Amino acid sequence: MAVDLLLGLQWGDEGKGKIVDVLTSKYDIIARFQGGPNAGHTLVFNNKKHVLHTIPSGIFHENTKNLVGNGVVIDPVIFKKELNNLASQGVNYKASLLISRKAHLILPTHRLLDAASETAKGKAKIGSTLKGIGPTYMDKTGRNGIRVGDIELADWKEKYRALANKHEAMIAFYDVNIQYNLKELETEFFAAIETLKELSFIDSEDYIFQAQKNKKAILAEGAQGSLLDIDFGTYPFVTSSNTTAAGACTGLGIAPNKIGNVFGIFKAYTTRVGSGPFPTELFDEVGETMGRVGHEFGATTGRRRRCGWLDLVALKYACQVNGVTQLMMMKGDVLSGFKSLKVCTAYKYKGDTVTHLPFNIEAHNVTPIYTELKGWKEDLTKMENENQLPKELHEYITFLENELEIPIKIVSVGPDRKQTIFR
Ligand code: GDP
Ligand code: IMO
Ligand code: MG
């Protein structure tokens, strides 16, 4: 059976966790394929909020397997905290959580290197979550990384020591003031490794292959968003993995011709956390209202998210790169009460009007061109079906569908599992 993908189309935090949770009952396996604890995926049900970082968002469903794929980077310390949280909720994760032997480990020194690199960059910093993501993927592509499968081998601690020593020399090279006690960090790290070892390590590409052969329904859960993709995002203000559809192939071992639906998820407006260009960003009361009503604070770092209007130039680009087959629009409820809504449909770029995403979208190069649509007043959060949605929201949706030429199949009207309208 083909594997479905669910991907964020903006700069992350579109609401992937919520929708994966909503869709999980239709799937046998939920699999993460890239990123790591830089992600923060929020699920809300039974009046309780849960935030997952590395663990797939299907974990609260008893009969679903949850796979952490080879493309993911795992920090055992953060992973252990996530497991403890799950245990305190009575989730029997040992039966349902599987880890790829080929997933790379984030070492304590990777986190320190992330901090050193960001500090050294000063004003030009990426705004990283400081979870060690960049340095870990650098060691992966540099062929120096340590993988989950390595910790089953006798000599892995020697490999660890050599790599940690090298990292310490690199931290010193940055010549920035990073205070740390590696002994303490290592005690915590090695204790967390023991917890990790209690889980099932598997050869996940074979597991996924057999599952497809046995007609199991699989959903790959993206982390971050397309505009943070290492190749297609707003480089260098991106993360260090392929967050787009191709990342699911390399991050799980799924053949390209085995991809089924590509669910593209976006907010009805735009947010971004961290540095980097954001053409439709608002610095006024409207942006402030979006942030306040939408509770736009990072699920991993608590940082305030920058807010702005929906950018269809960027969204179209993301739909193209991913081959999106169905769209899901989140947080429409946050826009209730605005008299009018703006949607960016083109950029003024070096004197021309362009509708494709140019190489450089820094503010001095790009001015958004907006179409204005009517807003709605109604509170959407208690609405349960499409017919209840206000006329102006129908118009907003139709406008987007016409521009993007892809149907919007889900309209989310609140953080709770139940606040989901299927079209
Ligand atoms: P993810 O990283 O894509 O999983 O998204 P995050 O969890 O980081 O951020 C999405 C935030 O919006 C979370 O706080 C969700 O609980 C919340 N959320 C998701 N969908 C909706 C929605 O339709 N309306 C509102 N108001 N909040 C939502
Ligand atoms: P989810 O899965 C939003 C951003 C960081 C920073 C840049 C690089 O919850 O949507 P990194 O830690 O990867 O080196 O940071 O990417 N970033 C995210 N922004 N949501 C995320 O994940 C993000 N993961 C990383 O803020 O700008
Ligand atoms: Mg998030």
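Start at 1 and go down the list; that is how both ligands and their atoms are numbered. Numbers for residues simply follow the sequence, beginning at 1. Note that the structure is predicted; figures quoted are calculated from it, not measured.
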With only distance considered, is Lys16 within less than 3.5 Å of ligand 1 through an N or O on each side? yes

Heavy-atom gap Gly40 to ligand 1 smaller than 4.0 Å: yes

Check step by step if side-chain hydrogen bond (donor to acceptor under 3.5 Å, both in side chains) holds for Asp229 and Thr244. CA-CA 6 Å; Asp229 183 276; Thr244 45; 2.7 Å; yes

Greater than 12 external heavy atoms within 6.0 Å of Arg304's CZ: no

Taking distance alone, with N or O pairs closer than 3.5 Å, would you say Gly414 contacts ligand 1? yes

Would you mind checking if Asp13 and Arg305 are paired as a salt bridge, meaning a charged N to carboxylate O distance below 4.0 Å? yes

Which atoms of ligand 1 sit under 4.0 Å from any heavy atom of Ser412? 20 (N), 21 (C), 22 (C), 23 (O)

Below 4.0 Å, non-hydrogen atoms only: which portion of Ile265 touches ligand 1? Side chain, backbone, both or neither. neither

Could you establish whether Arg305 and ligand 1 come within less than 4.0 Å of each other, counting only heavy atoms on the residue side? yes

How close does the nearest protein non-hydrogen atom get to atom 20 (N) of ligand 2, and which residue and atom is it? Asp13 OD1, 3.1 Å

Of the protein's non-hydrogen atoms, which lies at the shortest distance from atom 4 (O) of ligand 1, and what is that distance? Gly17 N, 2.9 Å

Checking a contact table here: which protein heavy atom is nearest atom 16 (O) of ligand 2, and how many Å away? Leu228 CD2, 3.6 Å

Kindly check if the number of other-residue, nucleotide or ligand heavy atoms within 6.0 Å of CZ (Phe297) is above 12? yes

Mind checking whether the Mg ion (ligand 3) has an N, O or S of Gly17 under 2.8 Å? no

In ligand 1, the atoms that come under 4.0 Å of a heavy atom of Met330 are 20 (N)

Atom 6 (C) of ligand 2 has as its nearest protein heavy atom Gly127 O, 3.2 Å

Taking the side chain as C-beta and beyond, is there a heavy-atom pair between Ile259 and Cys249 under 4.5 Å? yes

Ligand 2 to Glu14 polar contact by distance, N or O atoms, under 3.5 Å: no

Given salt bridge (charged side-chain N to carboxylate O under 4.0 Å, His left out), test Lys339 with Glu372 step by step and report yes or no. CA-CA 10 Å; Lys339 227 178 163 162; Glu372 210 157 326; over 6 Å; no

In the protein, what heavy atom is nearest to atom 7 (C) of ligand 2, and what distance, to one decimal place, separates them? Val238 O, 3.9 Å

Please write down residue, atom name and distance for the protein heavy atom closest to atom 14 (O) of ligand 2. Ser128 OG, 3.2 Å

Out of the N/O/S atoms in Asp13, what is the name of the one closest to the Mg ion (ligand 3)? OD1

In the protein, which heavy atom is nearest to atom 13 (O) of ligand 2, and how far is it? Thr239 OG1, 2.6 Å

Taking both backbone and side-chain atoms of Lys16, is any N or O found less than 3.5 Å from an N or O belonging to ligand 2? yes

Which of the numbered atoms in ligand 1 are under 4.0 angstrom from any heavy atom belonging to His41? 1 (P), 2 (O), 4 (O), 7 (O)

Check whether the side chains of Asn177 and Gln179 place a donor and an acceptor atom closer than 3.5 Å, and report yes or no. yes

Hey, is ligand 1 close enough to Gly15 that some N/O pair sits below 3.5 Å? yes

Which ligand 2 atoms are under 4.0 Å away from a heavy-atom of Ala39? 1 (P), 2 (O), 9 (O), 22 (O)

Report the part of Glu221 (side chain from C-beta onward, or backbone N, CA, C, O) that has a heavy atom under 4.0 Å from ligand 1; answer both or neither where that applies. neither

Ionic contact status for Arg417 with Asp21, cut-off 4.0 Å: yes

May I ask you to list the atoms of ligand 2 that are less than 4.0 angstrom from any heavy atom of Arg303? 5 (C), 26 (O)

Ala223 neighbourhood, listing ligand 2 atoms whose heavy-atom distance to it stays under 4.0 Å: 2 (O)

N/O donor-acceptor pair under 3.5 Å between Asp75 side chain and Val77 backbone: yes

Identified side-chain hydrogen bond (donor to acceptor under 3.5 Å, both in side chains) counterpart of Glu221 within the set Arg32, Gln34, His41: His41

Do Glu118 and Lys121 make a side-chain contact, defined as non-hydrogen atoms from C-beta onward lying under 4.5 Å apart? yes

Classify the ring geometry of Phe45 against His50: parallel below 30°, tilted from 30° to 60°, perpendicular beyond 60°. parallel

Asp379 side chain near Ser336 side chain, heavy-atom distance below 4.5 Å: no

When you measure from the side chain of Lys18 to the backbone N and O of Gly414, does any donor-acceptor pair fall under 3.5 Å? yes

Are the side chain of Asn38 and the backbone N or O of Gly36 linked by a donor-acceptor pair below 3.5 Å? yes

Do any heavy atoms of Gly8 fall under 4.0 Å from ligand 2? no

NZ or CZ of Arg306 within 45° of Phe278 ring axis and under 6.0 Å: no

Could you tell me whether Leu130 and ligand 2 have an N or O pair separated by under 3.5 Å? no

So is there a nitrogen or oxygen of Val44 less than 3.5 Å from a nitrogen or oxygen in ligand 1? no

Heavy-atom check, side chain of Ile254 versus side chain of Phe33, under 4.5 Å: no

Proximal candidate to atom 11 (C) of ligand 1 [heavy atom criterion; set His295, Glu14, Lys331]: Lys331

Does only the side chain of Lys18 get under 4.0 Å from ligand 1, or the backbone, or both, or neither? Count heavy atoms. side chain

Are Glu403 and Lys316 close enough that some pair of their side-chain heavy atoms sits under 4.5 Å apart? yes

For ligand 2, find out whether one of its N or O atoms is nearer than 3.5 Å to an N or O atom of Ser275. no

Quick note on ligand 2: atoms under 4.0 Å from a heavy atom of Val273 include exactly 3 (C), 5 (C), 19 (N), 26 (O), 27 (O)

Please state whether Trp11 comes within less than 4.0 angstrom of ligand 2, counting heavy atoms only. yes

Should the proximity of Thr42 to ligand 1, defined as any heavy atom under 4.0 Å, be assigned to the side chain, the backbone, both, or neither? both

Atom 12 (O) of ligand 2: which protein heavy atom is closest, and how many Å away? Thr129 OG1, 2.5 Å

Show the atoms of ligand 1 that are less than 4.0 angstrom away from any heavy atom in Val334. 26 (N)

For atom 22 (O) of ligand 2, what is the closest protein heavy atom, and at what distance to 0.1 Å? Gln224 NE2, 3.4 Å

